Amino acid sequence: MYVIYQIQSNSIYRAKIIEMDSKIEKIKLQLIDEGDIVVNEYVDKILLYNFVESDCNVPGQLVIDCSLSDMWFPVINIDITLMLQPHFKIGQLYKVLLLKTNESGTQVVQMFHKDTNVDVSNTILQSGIGQRLNSAMKTDENPYEENLLIGQSFVAYVYNYHLKLRIQPEPNTVDELEEEIVKHINENPDSESMDINCLENTYCLATVDNDQWYRAYIKNINEESIIVNMFDIGLLTDVLLNQIRPITTNLMRRPQLCLNCYLESKDLDFKITEKILYNITVKSIDPNGVLCINIKEHYSAPFSSPIVRGIEKISFLHVDDDLTYLQRSQDISKVAKISENLSKLSGKLGSKASIAPGDINMFESHGKYYRCVVKSIYSKIAVVHCIDFGYEKLIKKKKLQCLGLIKIALLPALVITAKTFPMAFNMSRTMFLANMHVDSDGTRYASPSKITLVQSQNKLMETLENGCLVRVTCINSDSDCWIVPHLLNDKLKIISDVLVKMQSKMIPAVTEIGSLCAALHSITKKWHRALILDIDGSAKNVLSIDSGEHFKSLKTTKLVSEIQKIPNCALRCQVVSNVDINTLLNKYVECKLISCTQSLLVVKLFENYIDNESIITSTVSTMEWCITISRFESYDEFYVNKAKDECGSNNENVDIQLNYIANNLDDFLRPPPIGTLVAALTDKNDGLWYKAEVLMPNKTYLLVRIFSDGDVCKAIRIKVLPSIFCDEKLYFRCCLDQEIVDANISDPLNYDVISEMMMKYKWKMTTTSITEPYRVTLISHLDGVHCLDLLDTILTIDHHDISDSSKMSENGPILRNIVLDDHSKSNLENQLNNIPEKKNNENNLIIPEVEIVVVKYIETFQYFYVQSESLAMLYTSRISEDLDLSIIELHLNSCMVGSIVVTYSILLTVGVEPK
C-alpha cells in the first residue's frame, strides 16, 4: 500500500511499503518521488500516514527516469560514474526538454543549466568524457581491427600479388563499393585535369587496364609514371597520368577493405582466383598486425556471420532462447538488395525434385524474397533457417526455389549470432549501440551500452584519494588543469601503439562536432585521441582526452573500438597548491584528491615533484639487455622486447641492476596487493635488492618470493619495480642516445632498408634511463659492431660503393651474421610457400657475394628487381632447357588458351603452340 512517510527531521515523502517483518519492527519503503530509492527503517523511529483524498489528484510519480539524448559512453565504470555525478547536482534546477520515450520507458531528454542555459552534454564533453551519439552511430565507417578478428571465421575474397597475401573480409561491401566506383566513372566520362604537382600523398581513383578502377593513394611521382597503392586490393604499381581520376568524399567514407595475411600452412591444394569466395579462419596475429589465416574453398551454406568490428549499430534483433540474432544497421540495404536480386531469379529456378537438408533455397513472403537453408523435411512442409535473419520458419515445399551454388547463395549471412543478454526481449524494435567481442572458442557476445554493468576497472578515484603520482599535462589556470595518473601509463602506451599502427591503413575521416577521433597535431605531428569541438580548421579545434591540450589538428580520422573503450586518461581538475603550478607542467608530482562533488575534481599537488629526466638519468648506472626490435618508427621511436637465453638469465641480471638504481625508485604509498611485482630488500640481511612477488601482505611485514632463486622471505622494504623489469614479454619504447650526423643514415629514402635491418638483428642494448622512452645504445649481439656503423656499411654497399673488392671481403662476415628471428623466418617461408621446391638432382643457383646489376623495376625500397648480365650468360642454356620442359599458363588476346607446351625459347622470345 501507499503511505505518507515522515522521518525525525520532519521531511515528508510519499512511499510504497515493500515488506514488513512479522513483529512489525522493521519496514522497507520505496520513495516514489525520489527515483524509487529503497530505505529500511525501524517503525518506532518514523511516522506513517494514510493517503488523504486530495493525494489522489497528485501525479502518480514526481520523478521521471531520463537519459541524455545525444551522449554516448563507450564504457561506464565506477570512476566515470563518480566524475559524471557532479554534472547532475541534487536540488539544483535544470531546464529539461523531453524529446521521446525509448523502448524501456525512459524519457530521452536534453538538459540545460537554468541560470546559464548551458547544455549539460557540452560541459561533459569539455571534460573529455564520452562522445556525441549521432557520430558514434556511424559504425559502418569503423576500420577493421586485427585483434578482434582472431578466432573469427568468415567468407572473403583473396588476392595474391608479388607473393603477398591479402583478404577482403566482407565481399558484399567490396561489391557495393565497386558498383559505386563504376557508377561514378560512367557519370563522369571526361577525366578532369589534375595538377601533377599537387598529387603526391593524396587519394584518387586509379586503373591499370582502363577497365577496373580502384581507390588508391599516390605515393610518388616521377617523369614517366605515378606510383600508387591500390589499398583495397594491396597492389603497389605505377600508372600513367591519364589512368587516375579525382575521388569523391562519398567514395572515401568506407575504411580500407584489404588486410595483410600469411598462411598458417605452407601449401594450398588449390589455386587462388580473384573474385572467388573462400572460407577464412583467423588463427593469430603477429606483432606487426599481420594475420595468420587458414583458407578453404567455399562450397557450403553461408553460416558465417559478418565481421565483428567492436562497436556495432544494431537495427534488428530476434531472441531464440540462449541465442540472439542481430542485424547491423548498414546491412539493411544489403538485405533489400539481396531481396531485389532474388526477385529477378524467381520463376527461373524452379523447384528441386527432391529437397534435402542443407540445400540453399529462396522463398517469397509478403512481396519480399529470402535466402534459406533447409533444416528438416516433412511430407509437404520444410523447416528452413532464414540465412539473413536467423529465425526458423515452416514453408510449403512447393514454394521453395533451389539456388544451388550460384554466387548469391554463397554470400555470407547478414545476421550476427550472439549469446542472449539481459533485456534483449525489450530491444527488438529499436536501434542501439553494442560492444561486440569474440571469445577464444568463437562465441560472439553483445553488450548494449545502455545496460552495461557498472564495474570498477582501475579504482582510479580510490587511488587518488590515497595519494599517487600524476603528471601535469596542461595548465589553463588554477581552476582548469589537467593531470594524468601514473598508473595509466600502460594505457597510454597501448593507445600510442594503436594510433601509430592505424596510420598504415586508409582510415575514413571524421568531422562531426562531438566525435571521438584520432587527431594529428599540427605542431608535433603526433597522433592523439581527441574530441572534435569545432569544425574551424584554422583554430584549436580538438581536445586531447589523454592530455587535456586544445590544439589545431591537420587531420581527424575514425578510431578503432579497441581504444574507444579505454576511458580518458587525462582528468580535468581544480588545483590547490602552495606553489606556482606553472612550474609543475610536464612533471611528475604527488597528488591527493580533495573533493569529487564539484563539476571539476579538486586535487592538491605537492611541491616535491619528481623530474624523472634530469634527476634519475644523472644518477643511474647503465643497464644492459639482449633485445630484438619489434617495430622501428625512427631513431627517436622504436619498440624492443627482451631476447631470452642470449645473455644469461635475465632474472639474475635484474637483481644485479636493481641494486644500482634502487635509491631512485618510488616507494609504495600503500601496501600492494598479492601478486604485485616489487623491488624488495629482504631479511637475508645481505643488503641486496631483489625482483620479487608479493605473496602475503601483513600489518607488520610482507612475505615475498624472489624470482632468481625462488626463496620465500620477509621484505624489510619494498619499492615500485620499473616496467622494464616486470614482464619479459612486454615491448618497450626506446630512442637512440647518439646524435645522427650522417646524412646517408638519416635520409628518409633509406627508411625501409634501415627498418628492415634494425628489426632483423639481435642487439645488446645499454641504457641509462629507467623511464620510457629509454635512451639506449645498440651494438650487434654477434660481433659488437655499433648499429650506426653497421648501417653506414650496409647503406654504403646499397649505394654501389663496391669498387674495392677487399673492402667487401672485410664487410662480408658482418652481412652474413644477420640473424632472422622466428617471426621473420616464418614470414619468409609463408611468402614463398607457392614456389615449387627444386628437385634433388638440380643444381642450385650460385649467386656471388658481389655482382654488378641493373635495376629493372622498383616496387618499394624493400622489393625491387635487378638483372645480372654475367648470370644471364651463365644460365641461358639452363633457362632454355627448363622452359622447354615446362607447362605454363599464358593469356593470349585477353583469352585463356589453357595449358601450353614451350617448343622454342631464347631469353626474350618464347614460341608456343596449343597443347
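Along the sequence shown, the residues carry numbers beginning at 1. It should be emphasised that the depicted structure is a prediction, and the values quoted were computed from it without experimental measurement.
When all heavy atoms are compared, the tightest approach of I507 to M502 is CG1-O, 3.6 Å. Taking all atoms of both residues into account, the shortest heavy-atom contact from Y278 to K271 is OH-O, 3.4 Å. Between D232 and Q168, the closest heavy-atom pair is O-NE2, 2.5 Å. Smallest separation of non-hydrogen atoms from K375 and P357: O-CB, 3.8 Å. When all heavy atoms of S69 and L133 are compared, the pair lying nearest together is O-CD2, 3.6 Å. Between G130 and F73 the shortest heavy-atom distance is CA-CD2, 3.5 Å.
Of the possible donor and acceptor atoms, one in the side chain of T139 sits under 3.5 Å from a partner among the backbone N and O of K313. Judged by distance alone, with hydrogens and angles left aside, the side-chain atoms of T248 form a donor-acceptor pair with the main-chain N or O of L251 at under 3.5 Å. A distance-only check finds no donor-acceptor pair linking the side chain of N279 to the backbone of V155 [under 3.5 Å]. Judged purely by atom type and a 3.5 angstrom limit, E364 uses its side chain to pair as donor or acceptor with the backbone of G367. In terms of modelled atom types and a separation under 3.5 Å, the side chain of D546 and the main chain of C569 share a donor-acceptor contact. Side chain of E274 to backbone of V158: no donor-acceptor contact under 3.5 angstrom is found. Of the possible polar contacts, none joining the R328 side chain to the I314 backbone as a donor-acceptor pair under 3.5 Å is found. Judged purely by atom type and a 3.5 angstrom limit, E145 uses its side chain to pair as donor or acceptor with the backbone of E562. For D388 (side chain) and L414 (main-chain N/O), a donor-acceptor pair under 3.5 Å exists by modelled atom type. With hydrogens and angles ignored, the 3.5 Å screen pairs no side-chain donor or acceptor of R166 with any backbone N or O of N160.
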Checklist entry - Should E340 and K368 be marked as a salt bridge (charged side-chain N to carboxylate O under 4.0 Å, His left out) after you check the CA-CA gap, both sets of side-chain angles, and the distance that decides it? => result CA-CA 8 Å; E340 179 185 343; K368 300 291 184 182; over 6 Å; no
Checklist entry - Taking it one step at a time, do I80 and Q85 satisfy side-chain contact (heavy atoms from CB on, under 4.5 Å)? => result CA-CA 9 Å; I80 292 177; Q85 282 179 354; over 6 Å; no
Item to check | Worked verdict on W72 versus I311 for side-chain contact (heavy atoms from CB on, under 4.5 Å) | outcome: CA-CA 12 Å; W72 183 68; I311 298 171; 3.4 Å; yes
Next on the checklist: Using side-chain contact (heavy atoms from CB on, under 4.5 Å), reason through M137 and R132 one step at a time and then give a plain yes or no.
Outcome noted: CA-CA 9 Å; M137 281 286 191; R132 290 294 188 188; over 6 Å; no
Next on the checklist: ring-ring contact (aromatic ring centres under 6.0 Å, His included), that's the test. Do Y391 and Y370 meet it? Break it down for me.
Outcome noted: CA-CA 12 Å; Y391 52 74; Y370 302 88; 7.6 Å; no
Next on the checklist: side-chain contact (heavy atoms from CB on, under 4.5 Å) for R371 and L411? Distances and angles first, verdict last.
Outcome noted: CA-CA 10 Å; R371 299 185 299 164; L411 289 176; 3.6 Å; yes
Item to check | Intermediate values then yes/no, side chain to side chain donor-acceptor pair (under 3.5 Å), T173 and K334 | outcome: CA-CA 9 Å; T173 302; K334 297 177 184 178; 2.9 Å; yes
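Side-chain contact between E312 and Q330 is present, with at least one heavy-atom pair separated by less than 4.5 Å. The shortest side-chain heavy-atom distance between L165 and I293 falls under the 4.5 Å cut-off. Residues I129 and L84 meet the side-chain proximity criterion, which asks for heavy atoms closer than 4.5 Å. I307 is listed as a side-chain neighbour of F154, based on a closest heavy-atom distance under 4.5 Å. Using a 4.5 Å heavy-atom cutoff, the side chains of L291 and L149 are in contact. Looking only at side-chain heavy atoms (C-beta outward), I566 and R529 come within less than 4.5 Å of each other. Side-chain atoms of I233 and C258, non-hydrogen and from C-beta on, never get closer than 4.5 Å to each other. Side-chain contact between L349 and L403 is present, with heavy atoms from C-beta onward closer than 4.5 Å.
Residues that satisfy the side chain to side chain donor-acceptor pair (under 3.5 Å) test with Q131, not counting sequence neighbours, are Q564. Under the rule for a side chain to side chain donor-acceptor pair (under 3.5 Å), N361 has no partner lying at least two apart in sequence or in another chain. Under the rule for a ring-ring contact (aromatic ring centres under 6.0 Å, His included), the partners of Y203 that lie at least two apart in sequence or sit in another chain are Y217, F231.
By the 4.0 Å N-to-carboxylate-O rule, K337 lies too far from E176 to be salt-bridged with it. With salt bridges taken as basic N to acidic carboxylate O contacts below 4.0 Å, none links E146 and K501.
Within the model, atoms SG of C66 and CG of L98 stand 6.5 Å from one another, a figure rounded to the nearest 0.5 Å. Atoms CD1 and OG, on I150 and S284 in that order, are 7.0 Å from each other to the nearest 0.5 Å. In this structure, E178 CD and E180 CD are separated by 11.0 Å, a value rounded to the nearest 0.5 Å. To the nearest 0.5 Å, atoms CD1 (I545) and CG (L531) are separated by 6.0 Å. Taking CG from L268 and CD1 from I272, the interatomic distance works out to 5.5 Å, rounded to the nearest 0.5 Å. One finds the CD1 atom of I332 at 6.5 Å from the CD atom of Q327 (value rounded to the nearest 0.5 Å).
Heavy atoms of other residues, nucleotides or ligands lying less than 6.0 angstrom from NZ of K505 number more than 12. Atom CZ of F270 sits in a crowded spot, with more than 12 heavy atoms from other residues, nucleotides or ligands closer than 6.0 Å.
Q107 and T101 share a side-chain donor-acceptor pair at under 3.5 Å. S515 and S135 form a side-chain donor-acceptor contact under 3.5 Å, judged by distance and modelled atom types alone. Side chains of E170 and Y144: a donor-acceptor N/O pair is present below 3.5 angstrom, by distance only.
Relative ring orientation between Y445 and H437 is described as parallel, the plane-to-plane angle staying below 30° on a 0-90° scale split at 30° and 60°.
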